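Read the structure below first, then the notes.
Note that the structure is a prediction, hence the values are computed from the model and not measured.
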Amino acid sequence: MDIIVCVKQIPDPEIPPSKFKLDIESKKVVPPEGIPPVMNPYDEQAVELALRLKDKYGGKITVLTLGSEATSSIAKHALAMGADEGIVITNKAFEDSDSFSKAYILSQAIKKVGDYDLVLCGRQAADWDEGLVGSIIAENLGLPLVTLAEAVDVANGKLKVKRVILDGYQVFTVPIPAVVTVSNEVGRPRLPSGWGIISASQKQIPVWSVDDIEADSSKTGASAARRKLVKLFIPERERKCEIIERETTAEASIELVDTLIKAGAI
Amino acid sequence: MADYKGVLICGELAEDKITTVTKELTNTGRRLSDDLNQPLSLLLIGQNIQETAAEAISFGADRVFYIAEGLPFAESLPEHYVAIIASVFNQIKPSIVLLSHTDMGRDIAPRLAASLGTTVCMDCIELEIDADSKSLLQTKPVYGGNAMAVWVSVNYRPHVVTMRPRSASPAQSDPSRKGQIVPITVEIDESTIKGKLLETVKEEAKGIKLEEAKVIVAGGGGIGGSEGFQLIQELAQVLGGTIGITRVPCDEGWMPTSLEIGQTGHIVSPDLYFAIGISGAPQHLAGCSGSKCIVAINKDPEAHIFKEADFGIVGDYREVLPILIEKCKALRAT
């Protein structure tokens with residue numbers, strides 16, 4: 001099974017909130033010092049799901065990412081995990097592109113890759129937390145879509161997809177090719193092996209421009225954005241924590257119950 | 001653009017009743033409609049729902065559109081919902097389409113926006129009509145909740161928006177309200193439906209549902225393994241509550257993923273929330289910040305959770321919890 005996985009580089013979402021800074025004027029996030037950007041964790045889980053399918057059915061995994069040549073580090077990471085090929089698509093206007101233009105560019109790139117049975121995307125990117133790109137790609141390419149998958153298998157020439165819902169799961173079948181967005185229930189992605197890291201370092205990451213994928217420039221960049229950001233701010237904390245300190249933890253624990261009774265909480 | 005008027009809510013039903021999240025949407029939709037001086041419509045899809053449709057008027061809808069026949073509801077595919085909503089949209093041309101950020105809304109809103117060629121904003125916690133421009137200000141948490149973004153749409157209609165559950169209070173019933181109930185039919189070209197839903201499996205939560213719990217005792221990565229959750233369970237039990245988890249116990253397979261509280265799991269608002277061995281990542285707080293009282297227990301005095309809690313103990317949960325359990329048991333006995 002040939003699989004295309006769309007991955008995105010984002011600021012590390014695991015940084016402590018105290019390190020999270022904004023530039024209010026420019027409405028941008030200030031990258032935390034000394035903490036390198038990472039592959040969106042949900043996308044990493046999409047790569048993991050692709051690798052599980054490859055382990056079972058064979059085939060080729062191609063990873064696509066938008067950005068600059070610097071973004072190729074996440075494509076390398078996917079290669080080190082076991083993907084076969086990585087491609088970076090560059091465009092000066094990406095910064096200000098919305099999900100629709102990003103999905104458009106990825107759709108064009110997917111068409112250029114050509115042969116595929118499945119397109120995987122993370123359920124959302126942990127920066128803007130929207131969860132749109134995979135669904136728009138499906139619409140653009142006229143492909144069936146299943147969102148929030150925790151497992152994918154093949155049965156009778158179709159994809160069988162287990163979709164996570166709040167209190168259980170659903171099972172869908174869709175014809176091949178299809179688009180599937182991947183949820184965190186997939187679990188921890190594998191770590192790159194030593195051999196994987198070495199072989200990835202020797203691979204070239206082709207860089208495609210918007211011309212290579214025959215993208216219509218009127219559909220990309222800030223001028224094509226369907227909405228605009230008017231404000232970005234850090235929400236104020238509403239709570240003030242009373243730390244209960246006593247000689248021993250046991251005493252503090254007893255005091256906590258009394259405090260909660262007084263506060264009317266229990 | 002002036003041709004688009006009013007607000008359309010895509011309602012959700014559970015056992016033919018309007019769900020709480022849909023009542024929350026109705027509350028928000030009513031306010032937006034009043035500010036725009038335009039009608040509020042509610043779409044309901046299901047069988048035997050005439051009575052429910054009438055009830056929806058009392059919650060604030062001016063018009064209720066309902067579809068009760070001719071569709072295979074047992075196997076309701078997202079493609080069906082999108083086709084239905086798109087068809088209703090074309091009949092009434094609302095300027096705002098509201099969905100809840102639920103399993104259904106998360107899936108359908110992006111498809112709907114893409115198929116209508118319009119814009120969409122996911123997981124909003126606040127919607128407001130700008131007094132001067134009359135545009136819809138859409139506020140949503142970004143970067144896992146570290147920041148808030150306010151968006152406006154540029155020349156695209158309708159605004160498709162999903163709203164996070166519990167970000168508004170549910171609309172209250174007012175039986176004196178008047179409105180129109182409109183049964184509608186929608187033709188769906190079945191040849192465009194590519195997928196098939198084989199089954200929906202609901203893992204019946206034993207005991208109290210997280211969304212309805214008054215007390216939740218939640219454990220995170222600091223619990224260290226599945227054994228530690230016995231103490232969590234015990235405390236929940238003596239307090240008449242239920243248990244929840246963060247991403248770490250979910251990823252590590254210590255506990256079932258269906259218990260996860262946070263941005264990608266349950267959104268809860270109990271009276272009392274215990275965060276035990278939880279560092280306090282914004283992605284988790286997104287699911288519990290609506291709690292009335294948050295108690296944090298963590299070994300690490302620097303843990304971010306202490307900035308987001310009302311009361312805290314810096315200490316090992318293995319020491320704290322047995323004492324809490326014992327004291328609460330004694331309280332129960334008196």
>> Which one wins on heavy-atom pair count under 4.5 Å against chain B: A125(A), A225(A), A250(A), G131(A)?
In response: A250(A)

> In terms of heavy-atom proximity below 4.5 Å to chain B, should I243(A) be classed as side chain, backbone, both, or neither?
Replying inline: both

> Using the ring of each side chain (for Trp, its six-membered ring), is F20(A) parallel, tilted or perpendicular to Y143(B), with breaks at 30° and 60°?
Replying inline: tilted

> Can you list the steps and then say if R111(B) with E139(A) is a salt bridge (Lys or Arg N to Asp or Glu O under 4.0 Å)?
Replying inline: CA-CA 7 Å; R111(B) 296 180 197 246; E139(A) 177 73 25; over 6 Å; no

> So which part of E245(A) gets closer than 4.5 Å to some heavy atom of chain B, the side chain, the backbone, both or neither?
Replying inline: neither

> Checking heavy atoms, do the side chain of I294(B), its backbone, both or neither come under 4.5 Å from chain A?
Replying inline: both

> Non-hydrogen atoms of chain B under 4.5 Å away: do they reach the side chain of K158(A), the backbone, both or neither?
Replying inline: neither

> Quick one: what part of I261(A) sits under 4.5 Å from any heavy atom of chain B, side chain, backbone, both or neither?
Replying inline: side chain

>> Please tell me whether T200(B) and Q170(A) have a donor and an acceptor in their side chains that are separated by less than 3.5 angstrom.
In response: yes

> Side chain, backbone, both or neither: which part of T162(B) has a non-hydrogen atom closer than 4.5 Å to chain A?
Replying inline: neither

> What part of Y42(A) is in contact with chain B, defined as an atom under 4.5 angstrom from a non-hydrogen atom: side chain, backbone, both or neither?
Replying inline: side chain

> Does any non-hydrogen side-chain atom of T102(B) lie less than 4.5 Å from one of L166(A)?
Replying inline: no

>> Counting heavy-atom pairs under 4.5 Å with chain A, which one of N146(B), T257(B), D107(B) comes out on top?
In response: N146(B)

>> So that I can tick it off, tell me whether K209(B) and D167(A) are bridged by a salt bridge, with the cut-off set at under 4.0 angstrom between side-chain N and carboxylate O.
In response: no

